[in-house]
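Counting convention: from 1, in listed order, for ligands and their atoms alike.
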Amino acid sequence: MLQKRDLTKIQIMKPIFSFFTALLLFTSVQAQVTLDYYLPDDVEYNDDIPTPMEVLSQEVGEWHLRHDQLVQYMYAIAESSDRVTITEIGRSHENRAMLSLIFTSPENHARLEEIRERHLQLGDPEVSDDLDVSNMPVVVQLSYGVHGNEPSGSNSSLLVAYHLAAAEGEEIDELLDNAIILIDPSLNPDGMARFAHWANMHKSLNTLVTDPESREYTEVWPRGRTNHYWFDLNRDWMLVQHPESEGRVAKFQEWKPNILTDYHEMGSNATYFFQPGIPSRTNPLTPDRNQALTANIAEYHAEELDKIQSLYYSKESFDDFYYGKGSTYPDVQGSIGILFEQASSRGHAQETIHGVLDFPFTILNQFTTAKSTLKAALELRVELLEHYRLFYKEAVREASRSTIKGYVFGETADQARTFHLAELINRHNIEIYELAESISANGETFQAGRAFIVPTDQPQYKFITALFERRTEFTDSLFYDVSTWTMPYAFNLPFAELSNRQFNGNLLGERFDGTMESTGEVIGGRTRYAYAFEWDEYYAPRALYRLLDAGAKAKVATLPFSGVTANGERSFDFGTIMVPMGIQDDKMEIHEIIAQIAEEDNIKVYALNTGLSSRGIDLGSNNFSNLVKPSVAVIGGSGTNSNEVGEMWHLLDQRYHMPLTILDKSGLGGVDFSRYTVLIMTGWNYSDLSSNTVDAIKDWVREGGVLLTMKQAVQWANRQELADVEFVRRNGNGDDEETETRPYIKQGADQGAQVIGGSIFNAKLDLTHPLGYGFNDDDLTVFRNSTTFMEKGENPYSTPLYYTDDPLASGYISDENKETIAGTAAIVVSRFGGGKVIAMTDNPNFRAFWYGTNKLFANAIFFGRNIRGSSGN
Ligand SMILES: [Zn+2]
């Protein structure tokens, strides 16, 4: 029944004829959508299964679904149907439930564990030949909403769940008899919550506003794409640095689905995209058969989308190169990952070049390709299962032919960093062992019990190769994302490839179980004189912050020294933290915190009973610099890079247990900077800062503040004459050179080829510089995804980190950029009044898995003010 206020609404009909499609696309009046709009009209539905309207009192597409409503409906479906089971596989950072539902016939549910075990055996070449795939179900996982502000996927998951639970007839019975269907309805609950709140709070209740300039369609920073710490979870499948990924990757490994779909949205003026993507950009480790099957499955999407007259395309954009994405992660594991991209209404209904795109239509498309995927899975079931079997058979065959028999890695001085790489590897069903015997390889020595070893002769051989390989040759020069991720470089860990001659079974110790026992201890017990601990361990910054936060007085050694410990005389390196007990206010508390950091931060603390050193400086020397508790702020907000700000926030909050104040760029006018010791600015644009704010920042630096500028912010600092940096212009751009004409069609590729999407470079670090404390090797690999190039500083002591003359370690870089970057600076320190301006061209905290350079960032925070000299203005 229409009430009076509903008279302006119209009923949307299913788009059977083009007339209705036109009506659908061009209406700007609020649509009264019903379930019939979405569901196929030749299917009967079981009345006992609750519809979304019956549970939520609103129709799919009427509002942007809140995450709690999604959870409510999924539990209601699971309770009402014997085709469904539901489990919570984790909690998001903001404590929202991560759900996994399994849909199959009640008969299959009764023997689900048996089906799962048999399915996994198909990926085990030792037994897979004995299996008959003709009677095995296909496993499909439908994954939704990894980007929170791409809502049509998660909203459509209600329709899929309802359809699978309530549809009746031969077609659904055949599907459920022959398929195990896993649904993850929201991969990013916190982002979904942010976006739904934004879209709903701006919705006009009687007449939808379709003007793209409306606030409804222009979300504010940091927007809903990312998770709580503003990370892109669709880069985290391989890295697994967030709780949202942990549960989902564990579920993938538990089931090894034959198809995994990943539902996204793109620009509002686009149409619909399904994979295959750009063929030349497929990762070479992915077999051709994967892309062929993807193309076979694509025919099913085309057929269903043709029926509803929806425009679509494939092959022209997106790619399958980086294995950290949901649609690519499966491709290196015998599965088929499929990316869908729907033009976004980004709110309830928005004007586009194709007319008004309303939210229900975007949901309809996503529901349609869920059905086409399931139809394809059913009809291609045997091919998909054979592909899975063959993939792993080929993988172990390749492993047996490989000259690399194992990878060993480990840093004796940093157990936590070594552990975290082992932990990452272990999450992907890869066998990894503690090193049982010390060995030397690749010029490095790996100590038994302090290193790990990954034998290559195992089914996940290809995935292991993807994690460890260094690649500098590419068939295409364009990348949708990073071009490399060599893990031991990211973790800055010594590693070696072991040949047949070097590898033997005796090297394999206990299988790694994913846990780490702390090796921290207080050597020598309580002391009346001083404690000392080195800065090498990954969690040393957390330990130091605990001490400073409790009011401890601590110093950092700017020169090496030796001390007498309970284990005898010992040398302490640059950057050692020393806590003299005689000058502490609350000595009992300091003793307790020392014990705590040994246990919880994995720190070896040495009790020293005398201030006299046999070599190097004595403990009362001026070459121990006093430390102050850092108070850190970063400028965030519109115009800044939320990923990079989020990475810092995550590092300080999650790993170092330190507060980070995020200042909003638009509200800097009243900020009293004097309460901070460190101010951080990263990409992108600071040209709109008021002159008052710029003056306030300058005054604060003059008074002794440490300004850490990164990437594009370096250019801003230089324009303000805060930093003293010379930028390098790229070769071959001189004005006097005659322009070489190029075919118009090459424009995109030529420009794209000059982008550094993400590559790894060799740099040299000055281990005597405060920014180099805690590193043991002056060779450091850094991650770069920008084209800001700095000359080395004029002052010879102001460039603690610079690129080598032939710096590419792994990844893509154009010949022009390769020439330009050689020998340039990665960090330049300038003096400004009594303060410091640190300029970094790279991102030391990239995606939370670049553990190897986090300490550069920590050093800037803790020791930036202790840097002496350097060039100045
Ligand atoms: Zn997306």
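Phe463 pairs with exactly one of Tyr329, Phe391, Tyr323 by the ring pair (Phe, Tyr, Trp, His ring centres under 6.0 Å) rule, that one being Tyr329.
The number of heavy atoms from other shown groups lying within 6.0 Å of CZ (Arg471) is above 12.
Note on Glu341: not counted as a metal contact of the Zn ion (ligand 1), no N/O/S atom lying under 2.8 Å.
Checked by atom type, the side-chain pair Ser759/Ser483 shows a donor-acceptor distance below 3.5 Å.
Residue His147 approaches the Zn ion (ligand 1) most closely through its N/O/S atom ND1.
For the pair Arg346 and Phe359, the cation-pi test (distance below 6.0 Å, angle within 45°) is failed.
Draw a line from the Zn ion (ligand 1) to OE1 of Glu150 and another to ND1 of His264, and the angle between them is 100° (to 10°).
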